[in-house]
Amino acid sequence: MQSITKLGIFTSGGDAPGMNACIRAAVRTALHAGKSVVGIYQGYQGMIEANFHEMNSRSVSNIIQLGGTILKTARCKAFHTAEGRQKAYDNIKAVGIDGLIAIGGDGTFTGAEIFSREHNIPVVCIPGTIDNDLYGSDFTLGYDTATNTVIEAIDKIRDTAASHDRLFFVEVMGRDSGCIALNAGIAGGAEAILLPEKATGIEELCNQLESAAKSKKSSTIVIVAEGEENGGAYNVAKEVKARFNFYDTKVTILGHLQRGGSPSSFDRVLASRLGFAAVRHLLSGKTRIMVGIRGNEIQTTPLEEVLNKKVFKLSEDMLEMMEVLSI
Ligand code: F6P
């Protein structure tokens, strides 16, 4: 077992609310154990450019409530190459970093897995992405906050939609994952939800909308996950309008506002638990694992499994329920 004296911590990929709370927890857990901590800025890019800053307990004061990531983040092409990773390794070795904590999504984990094997450096990963699309954890950091942001937006849209008897198409994030769309759709009382994981053609959607129209609803909201198969909210709205001219249709793309904002209490507690557990596992000699939460217990999963197992967190029951409840 490699004994660790100096941890490097970084965030990578898309930012997510709760990352700062997680950084705080990890830094303070390591300091409490008598270890040094180095913040690696801008993820793998920062490793290659030696963008390092020593951290102490005060470096993470007053950040638990902040969205985004104080360590910054980036998507780094150079780290896909062996030369880039060699440069990163030389840099972290030069400052004495002998263990890594990585917070991010599957791209971050793929880099961590390869880097750890190639250079024999221990790494523990923490799931941080609003998409909630990782195997091995029921929830990822930021997902709860993002879903609440979407619900708040849907509620506001509902006010104006009902006042004008309009049909709204609300596009939410989720390139490959419909978790935000499904859960925010249910919580916001949506009449239909289009997901990347389940094909719903325009024909089927129109049938659902026809029932809504027949029951004389004063407003109708369709949630469109960005990765669904019909080409996004504008396209879906155009096609529906072409068939049902009587509808006054509007489109709202929520976009990156879903990524920001102060983390919910759920995300702050989850972030604290995962940051704490990740450092404890790293210091006890574990490597190439992800710490996650399953059934309210902190559990670990080998990175290889996280990356190779297909995740499907949507249930057909919930989809059926959504349709029943929206009549
Ligand atoms: O954070 C995850 C995610 O929001 C996806 O749902 C989305 O497709 C992607 O990130 C967009 O990321 P970026 O704006 O960084 O390209």
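One is the number of the first residue; the rest follow in order along the sequence. What's counted below: heavy atoms across the whole structure, side chains too, no hydrogens, waters or symmetry copies. Both counts, for ligands and for their atoms, begin at 1 and track the order of listing. These numbers were taken from a predicted model, which means no experiment stands behind them.
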#### Entry: Within residues 161-172 or reaching into it, pairs that qualify as salt bridge (charged side-chain N to carboxylate O under 4.0 Å, His left out) - sequence neighbours excluded
Arg166-Asp248

If you look only at distance, which donor and acceptor atoms sit under 3.5 Å apart when one is on a side chain in residues 269-281 and the other is two or more places apart or in another chain?
{"from": "Ser272", "atom 1": "OG", "to": "Arg268", "atom 2": "O", "distance (Å)": "2.7"}
{"from": "Arg273", "atom 1": "NH1", "to": "Asn296", "atom 2": "OD1", "distance (Å)": "2.9"}
{"from": "Arg273", "atom 1": "NH2", "to": "Asn296", "atom 2": "O", "distance (Å)": "3.0"}

### Task
If the plane angle is over 60° it's perpendicular, under 30° parallel, otherwise tilted; pick one for His119 and Tyr89.
parallel

## Note on the structure
Quick note, side-chain hydrogen bond (donor to acceptor under 3.5 Å, both in side chains) partners involving residues 195-215, not counting sequence neighbours, are Glu203-Arg243

#### Entry: Neighbour count above 12 (heavy atom, 6.0 Å) for His53 NE2
yes

## Note on the structure
For ligand 1, protein residues within the heavy-atom limit of under 4.0 Å are Arg75, Ile130, Asp131, Met173, Gly174, Arg175, Glu226, His256, Arg259

### Task
Classify the angle between the aromatic ring planes of Phe244 and Phe246 as parallel (below 30°), tilted (30 to 60°) or perpendicular (above 60°).
tilted

